[in-house]
Amino acid sequence: MVNTKEYFKLSLIYTFVAAVPNVLQLIVQPLISPMGTANIGRNGVAEGIITLLFTFCIFSMESSISRFYYDVRDNKESFNKLVSSIFTGILIRGGLILVAILALSPFIGQLFKQVALQDFGAYGVALVISAINRAVVTTAMSLYRNEKSIKSFVIVNISSGIFRAAFQLIGVFFFSMSFLGYVWGTAIGSSIVSIAVLIYTYRRCGFHFDKSLNGELYRFAWPLLQYSLIGWGLQYIDRFFLEKGDSGKLGIYTNAMQFAVGLQLIVQGLGNVTQPEIFRYMSEGIHKRLEEIKKLSNMFMIQSMVFIVGAIIPAIIFITVFFKPAFLPSASIISIVFVRYILRSQYQLFALPIMFMKRTKIFTTVNILALVVSVLLNIMFIPRLGYYGAIIAFIGANITQVFIVYYFQQKIIHISWNMKKVMIFPLSILLVGILCEFARVFLSLPVMAGAIIINVVTFAGISFLYKNEIKEIVNKRFQFIHND
């Protein structure tokens, strides 16, 4: 049987703690909005580059440590080698990336249209430092989740968010509202927690760099790295297309995406707490534990939809109340920007059985096709539709991902999902979001009216379709509150 009480206890802790850094970033955003939409847009480009460098630096080791942990958790020596070798590899790759960036800075700057971004030497090193720090912290949190070391997870995640946000503010005001202050503040603030994590890890596990173990890790991680790089393209390539056009529109879209990225982290947090539980049942036999796997999957989709749709109205109100007038157009696109992340939840769910079976090479095919769709749609629509072109490209590419990964998952290991719960109803919410956006643009439907329609459809559908899961959730949470 699924330990629903423990699952929801962990999901609440991990989800809300994982949301803390993003909440702090949302607090930072209105405080630095006097920078103007152009500088906020540059911050978005800088975050895109950090994420690209982070992807190379971490080399999908957060997924590797999650999977290989179950092979070594009962052997202390093997566990120490695994953990230490992974963190040592991150530092080595980070050093190599830093050398490459220093050598290529003049050429990288020429890729940008905006003059402020062309001086890459002024901020490139800060981006690499931030990428290394993010890789260290992300890998540590993945380890702590699988160990169920809640205290370590909470301390690292919250302190990381606090130091990063604090030094971003210090940097922005020190550099007179320049995006240079933002990127250097991010680098310095994140370094404090990263260094602490490394000291703790090496004191706990010693210093190791096992070549044979790394070979196995790289074979597992290589297809996932390709997936991550393509995922980066799907997530950030629109920013680089928009950078060639109106810097103000880039800033508006970046501001809306700041909220959306936080939402994505929450969905990832839900996926991360679901993954160890589903892997645990799969290790006992997929068909033997099929009902438990399906129940956890349904619960994951419920929570994802609740968080995604439930966040729309608060985000619109927050932007309207706290941001400068130049950023108010961000509120008008929040609904459609948010609901498209339902596709990411579906993708995460259907990808889990493939990851467990170690058939990760499939992700390369899936995501290359999705990236091609994304690039083509960005090229077609961004010059004519601006950030709406980026939204169309995101939806088109992610729908491609969902259907193809579902096809491969069923070919590898057939799971009789409840399609109404994990496929049809979630997609219907996306369709409602698209229709509301059309009504807003062409029929002048108020922004808040569209958000309310999406919420009503979602929560009414959930209460009808998932009534058994909701009943169990409510009963278990009442028991949890009563017992505590």
Side-chain angles (χ1 to χ4, degrees), residues 1-5 7-12 15 263-264 266-271 273-275 277-278 281 286 289-314 335-353 395 398-399 401-403 405-407 409-410 414-437 439 449-480:
M1 292 292 293
V2 176
N3 190 338
T4 314
K5 178 182 175 181
Y7 171 74
F8 277 104
K9 178 182 177 181
L10 291 174
S11 66
L12 282 172
T15 301
L263 194 65
Q264 181 181 353
I266 291 174
V267 172
Q268 286 177 346
L270 289 171
V273 74
T274 303
Q275 168 257 309
E277 301 302 317
I278 287 183
Y281 286 123
I286 291 177
R289 292 290 195 172
L290 183 59
E291 289 305 312
E292 289 87 348
I293 292 169
K294 289 168 65 176
K295 184 176 287 187
L296 280 177
S297 301
N298 293 340
M299 291 176 178
F300 167 66
M301 289 307 303
I302 292 172
Q303 292 185 97
S304 295
M305 290 184 288
V306 166
F307 277 111
I308 289 169
V309 175
I312 292 173
I313 292 176
S335 293
I336 188 62
V337 165
F338 276 27
V339 294
R340 63 188 189 168
Y341 279 93
I342 290 173
L343 296 168
R344 301 299 298 164
S345 300
Q346 292 176 301
Y347 179 84
Q348 280 185 270
L349 176 61
F350 297 137
L352 285 176
I395 293 173
N398 280 268
I399 286 178
Q401 275 187 315
V402 169
F403 283 114
V405 81
Y406 171 76
Y407 169 78
Q409 177 263 300
Q410 291 293 84
H414 180 76
I415 296 178
S416 55
W417 306 104
N418 186 322
M419 294 301 288
K420 290 181 181 178
K421 294 182 178 181
V422 299
M423 182 70 85
I424 297 172
F425 178 67
L427 289 178
S428 71
I429 297 173
L430 175 63
L431 178 60
V432 170
I434 293 170
L435 293 175
C436 286
E437 193 63 25
I452 291 171
I453 290 170
I454 296 169
N455 271 267
V456 169
V457 170
T458 300
F459 288 99
I462 287 175
S463 63
F464 174 76
L465 188 61
Y466 301 86
K467 53 188 175 184
N468 293 330
E469 286 86 354
I470 292 172
K471 182 178 179 180
E472 183 171 358
I473 291 169
V474 171
N475 290 338
K476 291 293 183 180
R477 286 190 175 177
F478 273 123
Q479 290 177 21
F480 174 70

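Taking every heavy atom of both residues into account, Phe403 and Leu427 meet most closely at CZ-CD1, 3.9 Å. The minimum heavy-atom distance between Pro426 and Met301, with the atom names listed, is CG-CE, 3.7 Å. Between Leu343 and Val402, the shortest heavy-atom contact is O-CG2, 3.4 Å. Across Ile454 and Gly433, no two heavy atoms sit closer than the pair CD1-CA, 3.7 Å. Taking both residues in full, the closest heavy atoms of Gly450 and Cys436 are given as O-SG, 3.8 Å, listed atom of the first, atom of the second, then distance. Contact record, Phe459 with Val306: CE2-CG2, 3.9 Å, taken as the closest heavy-atom pair.
In this structure, Met305 and Ile308 have side chains that are not in contact, with every pair of non-hydrogen atoms separated by 4.5 Å or more. The shortest distance between side-chain heavy atoms of Val339 and Ile336 falls below 4.5 Å.
Counting only residues at least two apart or in different chains, side-chain hydrogen bond (donor to acceptor under 3.5 Å, both in side chains) contacts with residues 454-465 are absent. Listed by first and then second residue, the side-chain hydrogen bond (donor to acceptor under 3.5 Å, both in side chains) pairs that reach into residues 421-432 are Lys421-Glu469, sequence neighbours excluded.
Atom CG of residue Leu296 and atom OH of residue Tyr281 lie 6.0 Å apart, to the nearest 0.5 angstrom. If you take CD1 on Ile342 and CG on Asn398, they are separated by 12.0 Å, rounding to the nearest 0.5 Å. Taking CD of Glu292 as the reference point, atom OG of Ser297 lies at 11.0 Å (rounded to 0.5 Å). Distance check, rounded to the nearest 0.5 Å: CZ of Phe425 to CG of Asn418 gives 12.5 Å. Taken to the nearest 0.5 Å, the CG atom of Leu349 stands 8.5 Å off from the OG atom of Ser304. Rounded to the nearest 0.5 angstrom, Ile313 CD1 and Phe338 CZ are separated by 11.5 Å.
Contacts of Leu431 classified as side chain to side chain contact (heavy atoms under 4.5 Å, CB included), with partners at least two apart in sequence or in another chain: Leu435. A search for ring-ring contact (aromatic ring centres under 6.0 Å, His included) contacts involving Tyr406 returns Phe350, not counting sequence neighbours. With sequence neighbours excluded, the residues that form a side chain to side chain donor-acceptor pair (under 3.5 Å) with Gln409 are Trp417. Legend: residues meeting side chain to side chain donor-acceptor pair (under 3.5 Å) with Tyr347, ordered by chain and number and at least two apart, are Asn367.
Side chain of Gln346 to backbone of Met423: a donor-acceptor contact under 3.5 angstrom is found.
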